[in-house]
Amino acid sequence: MDPITFDGQVAVVTGAGNGLGRTYALELARRGAKVVVNDLGINPDGTGAQSVAADATVQAIVDAGGEAVASYDSVADAAGGAAIVQRAVDAFGTVDIVINNAGYVLDKSFVNISFEDLEKMLDVHLRGAFFVTQPAFRIMREKGYGRLLFTSSSAGLWGNFGQSTYAAAKTGLLGLSNVLAVEGAKYDITSNVIAPIARSRLTEDLLGPMADALDPELVMPISLYLVSRNCDVTHEIYSAGGGQYARSFIAQTPGWFAGKGTHPSVEDIRDHIEEIRNEAGYIVPSDISAESMALLAKLT
Ligand code: NAD
């Protein structure tokens with residue numbers, strides 16, 4: 001089989017000055033993409049801003065014979081998102097790939113969270129991905145091609161103590177990606193989500209003995225495959241870490257159907273709760289109408 005290349009394509013990778021984003025940017029460029037290396041250059045706690053992070057990745061790409069430009073804008077406001085995509089247009093003429101990866105973590109138990117904390121997490125993760133993706137999506141729609149990847153987290157998919165704001169923002173990205181997969185389908189725009197597990201500045205204190213096995217390079221292959229021309233998978237969520245690659249999904253059980261025209265009581269729900277919960281025979285609706293059709297089949 002032919003190797004997967006990104007020749008002639010333009011990729012924007014946010015948060016590409018460190019960790020996962022850096023591995024994506026380096027390998028995209030090695031495989032022929034022209035890359036906008038976006039990074040605000042913040043500290044792991046969200047403070048500060050330094051151009052050196054983006055510059056170092058660009059330098060590594062150029063040293064290896066690739067093409068890249070730096071972008072120091074923050075994803076966390078609309079002007080920054082627009083400027084990041086404009087950087088791709090000005091430097092390389094278009095944008096084919098967006099990997100929304102920039103971010104940082106806030107660890108605080110729910111009772112101690114301020115509204116400001118909530119805003120920060122929503123800004124960098126959820127609004128940030130929106131701000132970068134919307135101007136890129138307009139270009140992709142116009143030209144009939146695009147590959148989008150959003151970075152979620154196991155903290156949101158499965159829950160993790162002390163990460164309510166981070167998890168809420170990260171899981172909001174599932175909804176955004178699902179809708180862009182639906183809206184992008186007829187324009188050959190795919191949209192998927194990665195939930196990575198990797199050693200990085202954000203996780204070095206959390207991973208304990210697993211850290212050595214969680215090289216960020218091990219997440220990179222699936223992230224790049226999902227944004228390649230060779231991949232038409234869309235509307236899905238993948239977990240990757242330590243060399244394991246798996247699909248995560250939101251499913252619906254067949255449930256309990258009370259019968260057309262009946263009005264079940266609270267006690268009826270109690271009496272059928274195990275049937276409602278039973279995972280056997282679950283479905284993964286492809287979109288809202290697929291769920292509605294399954295219900296309609298029971299109602300008619
Ligand atoms: P990292 O700190 O090494 O890299 C994140 C980069 O994003 C940093 O270079 C930082 O400067 C940049 N950044 C932060 N805010 C920004 C902003 N407003 N605008 C532009 N750049 C900004 O961390 P990482 O572990 O490589 O994380 C990458 C992404 O993966 C993050 O979104 C993180 O939440 C997510 N994630 C990581 C893990 C993991 O195990 N490492 C797990 C789940 C999710």
Side-chain angles (χ1 to χ4, degrees), residues 12-26 36-58 70-85 87 98-107 119-133 149-160 163 165-174 193-208 210-220 222-223 237-242 244 248:
V12 169
V13 184
T14 69
N18 287 291
L20 291 159
R22 181 180 160 89
T23 71
Y24 303 159
L26 290 173
V36 174
V37 174
N38 164 259
D39 205 298
L40 184 58
I42 60 158
N43 300 315
D45 65 357
T47 60
Q50 290 185 335
S51 58
V52 63
D55 286 344
T57 302
V58 169
S71 142
Y72 314 115
D73 293 290
S74 174
V75 300
D77 58 65
I84 292 164
V85 174
R87 184 82 172 116
V98 173
I99 302 185
N100 287 290
N101 166 80
Y104 62 97
V105 184
L106 250 184
D107 276 313
E119 285 304 314
K120 279 185 188 165
M121 285 290 99
L122 291 174
D123 281 349
V124 72
H125 296 292
L126 185 54
R127 295 192 184 101
F130 182 99
F131 292 144
V132 176
T133 304
L149 187 67
F150 294 88
T151 308
S152 187
S153 168
S154 316
L157 290 178
W158 319 121
N160 193 23
Q163 295 191 329
T165 51
Y166 176 73
K170 283 299 201 189
T171 313
L173 294 170
L174 305 186
V193 174
I194 187 85
I197 309 170
R199 185 178 68 239
S200 77
R201 309 183 316 162
L202 299 186
T203 55
E204 58 194 358
D205 299 335
L206 306 172
L207 298 173
M210 282 168 69
D212 285 350
L214 296 174
D215 190 330
E217 290 281 350
L218 295 170
V219 175
M220 178 275 293
I222 191 164
S223 296
I237 308 163
Y238 290 88
S239 157
Q244 172 183 275
S248 305

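As the structure lists them, so they are numbered: ligands from 1, and atoms in each ligand from 1. Here, residue 1 is the first one in the sequence, and each next residue gets the next number.
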Considering non-hydrogen atoms of the protein only, which is the closest contact for [atom], and what is the distance?
atom	result
atom 4 (O) of ligand 1	N18 CB, 3.9 Å
atom 19 (N) of ligand 1	V75 N, 3.1 Å
atom 34 (O) of ligand 1	Y166 OH, 2.6 Å
atom 5 (C) of ligand 1	G103 O, 3.7 Å
atom 43 (C) of ligand 1	P196 O, 3.3 Å

In this structure, are over 12 heavy atoms from other groups packed under 6.0 Å from Y72 atom OH? yes
Given I99 and T14, is the side-chain contact (heavy atoms from CB on, under 4.5 Å) satisfied, shown in steps? CA-CA 6 Å; I99 302 185; T14 69; over 6 Å; no
May I ask you to decide if [Y]'s main-chain N or O and [X]'s side chain share a donor-acceptor pair within less than 3.5 Å?
X	Y	answer
R199	A211	yes
T171	A168	no
N38	I84	no

Using a heavy-atom cut-off of under 4.0 Å, does the side chain or the backbone of [X] touch ligand 1, or both, or neither?
X	value
L40	both
L214	neither
S74	both
N101	both
K170	side chain
H125	side chain
S152	backbone

Heavy-atom side-chain proximity of F150 to T133 below 4.5 angstrom: yes
Taking the side chain as C-beta and beyond, is there a heavy-atom pair between L207 and E204 under 4.5 Å? no
Sequence-distant partners of Y166, ring pair (Phe, Tyr, Trp, His ring centres under 6.0 Å), two or more places apart: H125
For L218 and A213, work out which heavy atoms get closest and say how close. CD1-O, 3.5 Å
So, for L173 and T151, which heavy atoms are closest and what is the spacing to 0.1 Å? CD1-O, 3.2 Å
Would you please determine whether N38 falls within less than 4.0 Å of ligand 1 on a heavy-atom basis? yes
If we only consider heavy atoms of G128, is any one of them less than 4.0 Å away from an atom in ligand 1? no
Check the pair N100 / V132 against side-chain contact (heavy atoms from CB on, under 4.5 Å), numbers first and verdict last. CA-CA 8 Å; N100 287 290; V132 176; 3.7 Å; yes
For [X], take its heavy atoms, then give the atoms of ligand 1 lying under 4.0 Å from any of them.
X	answer
S200	3 (O), 23 (O), 24 (P), 25 (O), 41 (N)
G19	3 (O), 26 (O)
G41	11 (O)
T151	29 (C), 30 (O), 35 (C)
A198	39 (C), 40 (O), 41 (N)

Going by distance alone, is a donor N or O of one side chain under 3.5 Å from an acceptor N or O of the other, for Y24 and S223? yes
When you check the side-chain N and O atoms of T57 and D39, is any donor under 3.5 Å from an acceptor? no
Relative to [atom], which among [options] owns the nearest non-hydrogen atom?
atom	options	value
atom 15 (N) of ligand 1	I194, L20, I42, T23	I42
atom 22 (C) of ligand 1	A102, A56, S71	A102
atom 23 (O) of ligand 1	N43, I99, L202, V219	L202

For ligand 1 and [X], I'd like to know whether there is a polar contact (N/O to N/O, distance under 3.5 Å).
X	value
I197	no
D39	yes
R201	yes

When rounded to the nearest 0.5 angstrom, what distance separates OH in Y238 from CD1 in I194? 9.5 Å
When you look at R22 and E217, which way does the salt bridge (Lys or Arg N to Asp or Glu O under 4.0 Å) test go after all the steps? CA-CA 9 Å; R22 181 180 160 89; E217 290 281 350; over 6 Å; no
